[in-house]
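In what follows, a structure is listed as C-alpha cells, so that the remarks can point back to it.
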Protein chains: 2
Amino acid sequence: MVGAEAVASSSGWKAVNRSAAPLTAPRRPIASEELSGRIGSALRLVRDNLVYQRRVVHAGDRIYQAGEQFGNLYIVNSGFYKVVTLSPDGREQVVALKFRGDWLGVDGIARGEYDSDVIALDTGEVWVVRYDALLDASLSERALLTELHQAMSREISRDRDSLMSLCTLSGDARVADFLRYWAESLGDRGMRTDCITLRMTRAEIGNYLGLTLESVSRALSRLAKAKVIGFAGNGRRDVQIPDIDALGAFVQRSISPAGMLQ
Amino acid sequence: MVGAEAVASSSGWKAVNRSAAPLTAPRRPIASEELSGRIGSALRLVRDNLVYQRRVVHAGDRIYQAGEQFGNLYIVNSGFYKVVTLSPDGREQVVALKFRGDWLGVDGIARGEYDSDVIALDTGEVWVVRYDALLDASLSERALLTELHQAMSREISRDRDSLMSLCTLSGDARVADFLRYWAESLGDRGMRTDCITLRMTRAEIGNYLGLTLESVSRALSRLAKAKVIGFAGNGRRDVQIPDIDALGAFVQRSISPAGMLQ
DNA sequence: CGTTTTGTTGACCCATCTCAAAGATGGTGG
DNA sequence: CCACCATCTTTGAGATGGGTCAACAAAACG
C-alpha cells in the first residue's frame, strides 16, 4: 500500500507510484482500490505493470487535443468521453464515445500528434501512461502488448460497425441502434442498462449519427411511443430501456420491407 | 538470393524463405525484387525481418473470411482489395479499400477470429505473416512493432475520416471526396493519379459511400459536366483527374451555402 | 426569478431513393 | 467474327425521409 494514495499535483493530476522521478523506470505500482471481478483487463494490466498517473477530469475538460504532440496513452477508469475530429474546413464530427476500460490516444501513434480532441462528458478519471513506457514494459509482459493490440483492433471493428449503421439504417433505426449499443456496452462492463443517462445533447447525438437534432428528438419520441424506450421523470436525458432486445427488434423491423407498423 | 524465387505450392501460394519447415523460426529472408525508394516501410520491414509467404490472388479471391480463425496478418504488395462486413441480419457493407503497403487482418486480433471478408478486386500479391512471428520478431526489431502500431492507428484515423464524410457531406461531395482520397493515396505510394481505374462497380462504390448506385452514377456525371473529372475513352471505369485540388474545391463548394453554381 | 440552453413539434421543401427503361460493355460459344 | 447474354451504367419521373425554418415548452443556471 506504499504510495498508493499519492500526492495530488497541480491541476487535477495525481501521480501514482512515483517517489522522486515520476514516469521513468517501470516500478511496480500498488493501487489499492476495488479493481476486482472481470473488469477491463486493460486497467488491471496497467495497474500491475506500469507507472501511471491518475488524472481527474470534469465535464468539458479536454484530455488531449488535435495537433498536440503524441506521447501519452490514456485508459479510462471512470466517466464518459467523446472523441471529436475537426476537418480543415471546420466541420466538426463526433466519431466515438468512450468509457471505462477504453483506451484514448491511439490515434496519435501514426503521425506523432493526436488528430482528435477527447472531451470529458462528466466527472471521471483517466490513467495516463507514456507510450514509450508501455512498449518497454510490454517486453517483459506480453499480455500488455496483446491488450493494446486488442483494444486497437476492437476500435477498428467498432468504427466499421458505426459505418454500417450510417450506411444502411434509417434515422430512427440509427438512434435505436445507438441506444442498443450503448446499453450493451454498459452491460458488458457491469453497469446498469435499464436506465441510462445520455451524456450528450440531441445535437451531439445527431452529429454522431449523421442526423439533425430535430431528427434525433423525433426518433426518440417515436421510440417512446412504440414503448421501446421510456423517459424517466427526471428531464429527458434519462432513458429507460426495459428490454435491450426490443431495441434490436425495432432495428430489424425498420430494415425489413413491411416494417414500421405496430 | 538463396531461395528467393521459391517453389509455387498449391493454389497460388509461394513460400518465401522456407526450406523444410515453413513459417517457423524467423530466419532472414532474402527477397530480390525492386523494393526501392520510399515505398511503404511495412513491406521493407517485413522483408528484412520476417519469414513470410507470398500469395498471388485474382479478382474475386478472398484473402480471409469473417469467422475464420485469426493467426495471420497480410501486407499488400500489389493489387486492390475491399474489406466487407456482414451484419447478423444480412446487411453487407464495404468498410474499407486497401492497396500497396496496407495491412490486412488486424480486425482479427480482438476476438481471435476475423470479422470481415477481404476480397481482391484484381490480380495482386499479399505477403502472409504469422502474428505470433511478428510479435517475436518485434522484440529484436522495434521498428516492426512501431510500423504495426502506426498502421493500426492510421486505419482508425482513416475510418474516422470516412465517418465524417458520411455524416457531413452531400452525395455528390462524398463521391468527389472519395475520388480525391483515392487519388491522393495512389499519389502517396508513387502511382499515377491523373487517370485512375475504379475497381468497383457503381453499386459497390455506393455501398461504401452510403448511396445508391444511381446516385453514384449521377454524381459522376455531374462531376464530369463540371469538368472536375473526365472519362477516358475506355469504358466508364477509368476516371481522369486532371487536378486533384479541383476535387477538394468541389467538396468545399458543396459545403458552403452559396455553392453548386458554375 | 429572468436568462440561456436544450428539447419538442409542426409545416414545408429538397436531396436522395425507388422504380423503370434503355444503352454500354464484356464474355462465351457457335 | 458475330450473336447472344449477363452485368453494368445512365437517365428520367415520381415518391419520401430527413433537413430546414420557426415557434414554443422545459430545464438548467446564475
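Sequence lines set the chain letters: A, B, ... in the order given, protein chains first and strands last, and positions in each chain run from 1. Excluded from the calculations below are hydrogen atoms, water molecules and symmetry mates; all remaining heavy atoms, backbone and side chain alike, are included.
Using a 4.0 Å heavy-atom criterion, one finds that Leu211(B) contacts the sugar-phosphate atoms exclusively. Within the 4.0 angstrom heavy-atom criterion, no nucleotide atom of any strand lies near Gly206(A).
In terms of polar N and O atoms assigned as donor or acceptor, the side chain of Arg218(A) comes within less than 3.5 Å of the base of dG10(C) in a complementary pairing. Scanning atom types as modelled, no donor and acceptor separated by under 3.5 angstrom connect the side chain of Glu204(B) and the base of dC8(D).
Distances shorter than 4.0 Å separate some side-chain N or O of Thr212(B) from OP1 or OP2 on dC17(C). Side-chain nitrogen and oxygen atoms of Ser170(B) include none within less than 4.0 Å of the OP1 or OP2 phosphate oxygen of dA15(C). Contact annotation: Ser221(B) side-chain N/O to dT10(D) OP1/OP2 distance is not under 4.0 Å.
Between the side chains of Thr168(B) and Arg91(A), at least one donor N or O lies within less than 3.5 Å of an accepting N or O.
Note: CG (Leu209(A)) to P (dG17(D)) measures 19 Å, nearest angstrom. For Arg202(A) and dG19(D), the CZ to C1' distance is 18 Å, given to the nearest whole Å. In this entry the distance linking CG of Asp238(B) with P of dT9(D) reads 12 Å, nearest Å. In this structure, Arg222(B) atom CZ and dT9(D) atom P are separated by 17 Å, rounded to whole Å. Here dG18(D) presents its P atom at 12 Å from CG of Leu166(A), a figure rounded to the nearest Å. Atom P of nucleotide dT5(C) and atom CZ of Arg237(A) are separated by 14 Å, given to the nearest angstrom. Atom CG in Leu220(B) sits about 16 Å away from atom P in dC8(D), given to the nearest Å. Taking atom CZ of residue Phe231(B) and atom C1' of nucleotide dT9(D), one finds them 10 Å apart after rounding to whole Å.
No option in Phe178(B), Phe80(B), Tyr81(B) other than Phe178(B) meets the side chain to side chain contact (heavy atoms under 4.5 Å, CB included) test with Leu97(B).
Residue Thr201(A) has its side chain nearest to dT6(C) when only dT16(C), dT6(C), dT10(D) are considered. When the nucleotides dT9(C), dG18(D), dA27(D) are ranked by their closest atom to the side chain of Arg236(A), dA27(D) comes out on top.
A cation-pi geometry, defined here as NZ or CZ lying under 6.0 Å from the six-membered ring centre and within 45° of its normal, holds between Arg158(A) and Tyr181(A).
Remark on DNA chain D: of its neighbouring residues Leu169(A) and Ser217(B), the 5'-side contact belongs to Ser217(B), judged by nearest-heavy-atom nucleotide.
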Candidate pair Glu155(B) and Arg160(A), rule salt bridge (charged side-chain N to carboxylate O under 4.0 Å, His left out), full reasoning:
CA-CA 11 Å; Glu155(B) 176 142 9; Arg160(A) 291 174 175 178; 2.8 Å; yes
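Using a 30° and 60° split on the angle between ring planes, Tyr114(B) and Tyr74(B) fall in the tilted class, from 30° to 60°.
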